[in-house]
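Presented below is the structure to which this report refers.
Lettering follows sequence order; numbering is per chain, from 1.
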Amino acid sequence: MAKGMTMTFTVAELAKALGGTLWGDGSLVVAGAAEPDEAGADHIAIATAAKYAEKLRPGGIALLAEGMNPETHGLLAAILLKRPRLALAGLTRRLDPAPEPAPGIHPMTVIDDSAVIGEGAAIGPFVTIGARVRIGARARIASHVSIGDRSVIGDDALIHAGARIAHDVIIGDRFILHPNASIRRTGFPLSRPNLRGSRKSAQSLGLRGDIKAQHWTRIHSLGGVEIGDDVEVGALAGIDRGTIRATRIGRGTKIDNQVQIGHNVILGEDCMLCGQAGVAGSTRIGNRVVLGGKVGVSDNIFVGDDVIAGGGTEIYTNVPAGRVILGSPAVKMETHVEIQKGIRRLPRLYAQVAQLQETVKKMLDKGRPGRTRRRG
Amino acid sequence: MAKGMTMTFTVAELAKALGGTLWGDGSLVVAGAAEPDEAGADHIAIATAAKYAEKLRPGGIALLAEGMNPETHGLLAAILLKRPRLALAGLTRRLDPAPEPAPGIHPMTVIDDSAVIGEGAAIGPFVTIGARVRIGARARIASHVSIGDRSVIGDDALIHAGARIAHDVIIGDRFILHPNASIRRTGFPLSRPNLRGSRKSAQSLGLRGDIKAQHWTRIHSLGGVEIGDDVEVGALAGIDRGTIRATRIGRGTKIDNQVQIGHNVILGEDCMLCGQAGVAGSTRIGNRVVLGGKVGVSDNIFVGDDVIAGGGTEIYTNVPAGRVILGSPAVKMETHVEIQKGIRRLPRLYAQVAQLQETVKKMLDKGRPGRTRRRG
Amino acid sequence: MAKGMTMTFTVAELAKALGGTLWGDGSLVVAGAAEPDEAGADHIAIATAAKYAEKLRPGGIALLAEGMNPETHGLLAAILLKRPRLALAGLTRRLDPAPEPAPGIHPMTVIDDSAVIGEGAAIGPFVTIGARVRIGARARIASHVSIGDRSVIGDDALIHAGARIAHDVIIGDRFILHPNASIRRTGFPLSRPNLRGSRKSAQSLGLRGDIKAQHWTRIHSLGGVEIGDDVEVGALAGIDRGTIRATRIGRGTKIDNQVQIGHNVILGEDCMLCGQAGVAGSTRIGNRVVLGGKVGVSDNIFVGDDVIAGGGTEIYTNVPAGRVILGSPAVKMETHVEIQKGIRRLPRLYAQVAQLQETVKKMLDKGRPGRTRRRG
C-alpha cells in the first residue's frame, strides 16, 4: 500500500470484518466514514441511532443498528450491527489511513550502533535512538522522536512526532505515545508540597522552615519508568521517572492529553486518566480507576480499585475501592449532591433563620407585659 | 533586512503609522519600546497613563495619551494617541524583530515531492512536510515542525518550533501556532467520562460495568481538524481530531498555552480560551465566548454565544447565551457572589441558630410545670 | 567515562562523599541505589526509616539513619547518616548516569556562525542555535533543542530534548530545562480575562463590549525573559515573554512539569511551583513562595513572600506575605478548615432549623388567646 493512501473495502468485506449483517449491494466500495449529513458517495454513514438515521440520504451506504430498516431510507447498501459501539471501534481501525513513517529507517536519523531495532520497523526523519536501546518488531516511530540509552520498547509500538522517551524506560507491547509527550529523565526536587487540610498544612509549616534555612536540594532520579502492554499516553503528557524505584503504569491503562504523572507513582491496570488530570509523586492508584478531566490527586496517597472521580475532582486523602467521588475536596457522589443542594438553599436558610429570630424576639417581647403586670 | 535584525523607525514614521500626533523632533530613531524606568536612548517609553508618565526621564521619547503634556517631562519627542491600547498593538507589531526562519527552504528538511509550498516561504531546519500537503504564500515555519500528509494551510502562516500538525488538517489564512503545540492524529478511546452530578454519575455507573467487562476499546479518528482564518494556538496546546466528523475552530478564535480541545469539539468565532483551559469531547461552544484560565468544560454539552467564564470555572451543563459564569459547578456570577457570601457567613449562622435554640429552650422551660404551678 | 555508562563507587568513597559513617566492608562496589526489596547485589538499599529496614536482605549494602544497627540485618556494609534526606540528594546526584549528549558538538546541528559556545559543551543531534547566541561553559544540550537569536545562557546548563528557548532570553548559571518545555516568543493577545468576583466581572462586562465591537488585537511581545541562577523548569512547562518589559524568574526557583507562566510575570527567588500550576499575566510573586499542584493565580495581582498555597488553590486577589492558603477562592488555611466544617455540617443545620421552626410554631399556637380562653 502506498504511503499515506487511505484503505478501501467493499461493503461485504466490511460487514464480515465487523461481524455485521450485509443488506443490499455488497460490492460497493467504502473509502471512509462520516456522519449522515456529511457522507460523500464513497463514505459509509454512521447512523446507529434513530436521530442519526433521519438524516440519511437516499442512494447511500450506512452502518445501522440491528432492528433498523435500510429500505426506509432508500439506501443502496447497509451493515446491520448487534453492538454498534464496539463495531464502530473496528470500523474506524480499518478505515484509519496508514501511519505516516514510510517503511524502513530514514537516512536522516541518529541511531547508536548498539541499539537493536526489530524487523519491519518504520522510523521517520530526525529520530535519535541511544545506546543499547531495544525496540521490538513492527515499530512505527514518527519524525523528531528521541529515545534515551538502554530503554526497551515491545512489539508494535506507535510513537508519534516529537515524543520524548528518556533513558532506562521499559515499555510493553502495543505502546502508543502521542506527539510531544515526555517520559522524562528526572522527577521534581526534594519535596513536592501538595498540601491540604490540617495534617498536610502542618507538614507545610515544617516545610517553610526548610525553605528559609536552605535552597531546594535536588534528589536525582535513579529509578526508571516501567509501562505494561497496551498502554496509550496522550499528546503533551508527562511521566516522571522514579527517585529510587520505578514509576509504574499498569497494562491496558490509557492516559489522555496533558496528563501529569509524578515520580514513583504506581498506576494500576485498565485505568483511564482524562485530559489535564494530574497525579502527584509516590501516590498509588488501583486497577480500573477512572479520573475525569482535570482531576488532581495529592502525593503519597492511595486510590482503590474501581474508583471513579468526576471531572475537576480534587483528591487529597485515601479513597476506598469502588467509590464514585466528586468535588473539591473529593467526597462520595451522594454527599456531593447533598452539599451542593445545601449550598444552593443557603439564601433561603438565612431568610428562615432571620424570620425565626424575629418571631422569637416578638414572643419574648409579648411575654414581657405579663411580667410587668405580675410585678404591678 | 538582515536575519534577526530589529526594525528601526523615526518617531515621525511611527506617529504616522500609529495614527497619532507627533510632538517634538520627528527625526529621532526608535529601535524598541520599554516601560519608562527601563527605557534606553533609542527606546520609546510607553506612558499612556499618569502613573507611568511620572517615571519618564528628561531627554527621552514617549508614547502618551492625548491630553497629556510632553513638555512637563522634558521629552525630546512624543507621540500622542487617541486610543492608546489599540495603538500599542500597532506599535509592538512594528517593533517586533523579524521572524526567525531565514527566507527560503533550509536544506536540512524532509519535504515530500508532492507537497506544494507557496511563494515567499521561510522554512527552518529539521522540518518535515508530508505527501500532498499544500501551504499558502509567505509561510514562516520554524525549526523542528512536522506537518502530516494532505494537510492544507492558508497564506501567511507562522508555525513556531516543534509544533506538530498531523495529517488531514485544514487551516485558514494568517494561522499562528506556538512552540510544541500539537494538532494531533487521534482522539481519546471509546468514551471519555467527565462526569458530574446525578445524570452524569448514572452514566458513570453504567460505564463501570463496561470497565469490568472489557478493556478500553480504541475508536480511531477519521475526522480531521478544520481551523478558520486568523486563529492562534498557544504553546503546548493540544487539539484532537474528530472521530467521524472534523473538530472545528472558528475564524478569529485565540487559544492560549496548554489548552486542550477534545475530539469533535466545535468552537465558534472570535472566542478566547485562556491558559490551561480544557474542553472535553463533542462539546459545542458559540461565538465570542471567553474561557478564563484553567476553565474546564464537560463533554457533550453546549455553551452559548458571548458566554464569559471566569478563571477556574468548571462547566458541567449547558450554558445559555450571554451569561457570565463563575465557580464549580458554574453558576451565574450573581449567584456565585451570593453563594460565597453565604458560605463565609456560615460560622455566624451557626452561632445564631445555637442562640435561637438556647432561647427557645429557655422559653419552653419557662412554659413548663413551674408556670403551671404558679397558675395552680 | 564512556557515554551512557553508570558511575560506580566503593562504599567507602560514598560514605566519605555523603559525610556519613562507614560500617563493614568499605571496598564493596556500588553501581546504583534501590528500595530494600528491589536492591540487587551492586545496589545500596535506601533504608533510612525502620519500616524500610525491615525489608533489608542479608548480605547487602544499605544506607541507614544514625542510631540504626547494621548487624541486625546481616549486612556486609552500611553508611550511617545524620541527615538522611539531604544525604539522599547527594547520593542520587553521584549515582545518576552521565547526561546523554556525547561530548563535543554533533555534526547534524545548525548553529549560526555568530553564536558563541563555551568550552566543554556537549550538543546533541538536530539542535538549532540562532545568531549572536552566547552559551557558557560545560553546557549539555540534548537533541532537538532550539535556541533563538541573541539568547544568553550561563555556565553548566542542562537543556533536555525538544526544549524551546525563543530569542532574547537571558538565563543564569546551572539552568535545567526539561523535555519539550517552551520559553516562548510571544505572550497572549490584547487582554487575558481571568475574572472572578464583582470587580473583575465589571471588567469582563466591559470586555464583552470590546468583543462585539472588534476582533482580538494582538499586542506583540517586545520584552524578553530573564532567568536567574540555579533555576529549573519542568517538562512541557511554558513561560511567555513580556510585552514591554521582561518576564522574570528569580534565582533558585524550581518550576515543575506543565506549569504556565504568563507574560510580564515576576517570580521571586527560591520559589517552588508544582505540576500544572499557572500564573496569569503581569502578576508579581515574592520570594520562597510555594504553589502546590494545579494552583491558579489570577493576572495583575501580588502574592507576598513565603506564601504557601496548597494543591488546587485558586488565587484571585492579593495575598499578604507569610500566609498559608487553601481553597477556591483562596482563604487562610484556618478559614478554609472552618468553611469545610461548616459545609459538611449543613444537613444537620437544616434539620435543626426545621426543628426550631416546628417548635416555635407550636409555641405560637399554644400562646394564642383562643386556646387560653378555652382553658379558662
Side-chain angles (χ1 to χ4, degrees), chain B residues 3-4 32-35 38 46 86 88-89 92-93 95-97 100 108 124-126 143-144 160-162 178-180 230 232 234-236 252 254 256-258 270 272 274-276 288 290 292-294 306 308 310-312 324 326 328 333 337 340 343 346-347 350 353 356-357 360 363-364, chain C residues 110 126 128 130-131 144 146 148-150 162 164 167 180 182 184-185 188-190 192-198 200-201 204-205 207-208 211-212 215-222 236 238 240 243-245 258 260 262 278 280 296 298 314 328-329 338-339 342-343 349 352-353 356 359-360 363:
Chain B
K3 189 194 164 205
E35 298 200 348
E38 297 189 348
I46 311 291
L86 272 180
L88 189 58
T92 58
R93 189 174 64 243
L95 292 176
D96 201 11
E100 289 175 65
M108 248 191 244
F126 310 128
S143 68
H144 303 96
H160 286 277
H178 287 278
N180 287 354
D230 297 300
E232 178 166 356
L236 303 154
K254 312 297 183 190
D256 197 6
N257 287 7
Q258 299 180 335
D270 291 319
M272 182 187 274
C274 296
Q276 302 181 324
R288 297 171 304 278
V290 177
K294 285 186 179 292
D306 301 300
I308 297 178
V324 178
L326 293 167
S328 172
M333 194 186 67
V337 170
Q340 288 305 315
I343 286 175
L346 270 182
Y350 278 104
V353 170
L356 266 173
Q357 286 177 314
V360 169
M363 290 169 69
L364 282 174
Chain C
V110 175
F126 310 127
T128 65
H144 303 95
S146 55
D149 295 345
R150 295 176 305 279
R164 312 275 156 231
H167 62 76
N180 286 353
S182 163
R184 80 165 173 161
R185 184 180 174 72
F188 203 54
L190 196 52
R192 173 201 296 265
N194 201 325
L195 22 129
R196 183 100 177 202
S198 52
K200 292 280 182 181
S201 64
S204 81
L205 291 163
L207 181 71
R208 176 183 296 180
I211 299 171
K212 284 193 172 154
H215 304 318
W216 300 107
T217 308
R218 152 162 288 287
I219 294 185
H220 288 242
S221 301
L222 307 176
L236 302 155
D240 283 357
T243 311
I244 302 297
R245 60 167 170 72
Q258 299 180 336
Q260 151 76 355
S298 234
E314 291 177 301
S328 172
E338 197 178 60
I339 285 173
I343 287 174
L349 183 66
Q352 287 170 340
V353 170
L356 265 173
T359 309
V360 168
M363 289 169 69

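With a threshold of 4.5 angstrom between heavy atoms, B:Leu356 approaches chain C through its backbone and through its side chain. For C:Thr359, the part lying under 4.5 angstrom from a heavy atom of chain B is the side chain only.
The backbone N or O of B:Gly234 lies less than 3.5 Å from no partner atom in the side chain of B:Asn257, so there is not a single donor-acceptor pair. At distances below 3.5 Å, not a single donor-acceptor pair connects side-chain atoms of C:Asn180 with backbone N or O atoms of B:Asn180.
With chain C as partner, the option from B:Gln357, B:Gln258, B:Met108 having the largest number of non-hydrogen pairs under 4.5 angstrom is B:Gln258. The candidate from C:Val353, C:Ile339, C:Leu349, C:Val360 with the greatest count of non-hydrogen atom pairs under 4.5 Å with chain B is C:Leu349.
Salt bridge annotation for B:Arg288-B:Asp306: present, with a cationic side-chain nitrogen under 4.0 angstrom from a carboxylate oxygen.
Between B:His144 and B:Phe126, the ring-plane angle classifies as tilted under the 30° and 60° cut-offs.
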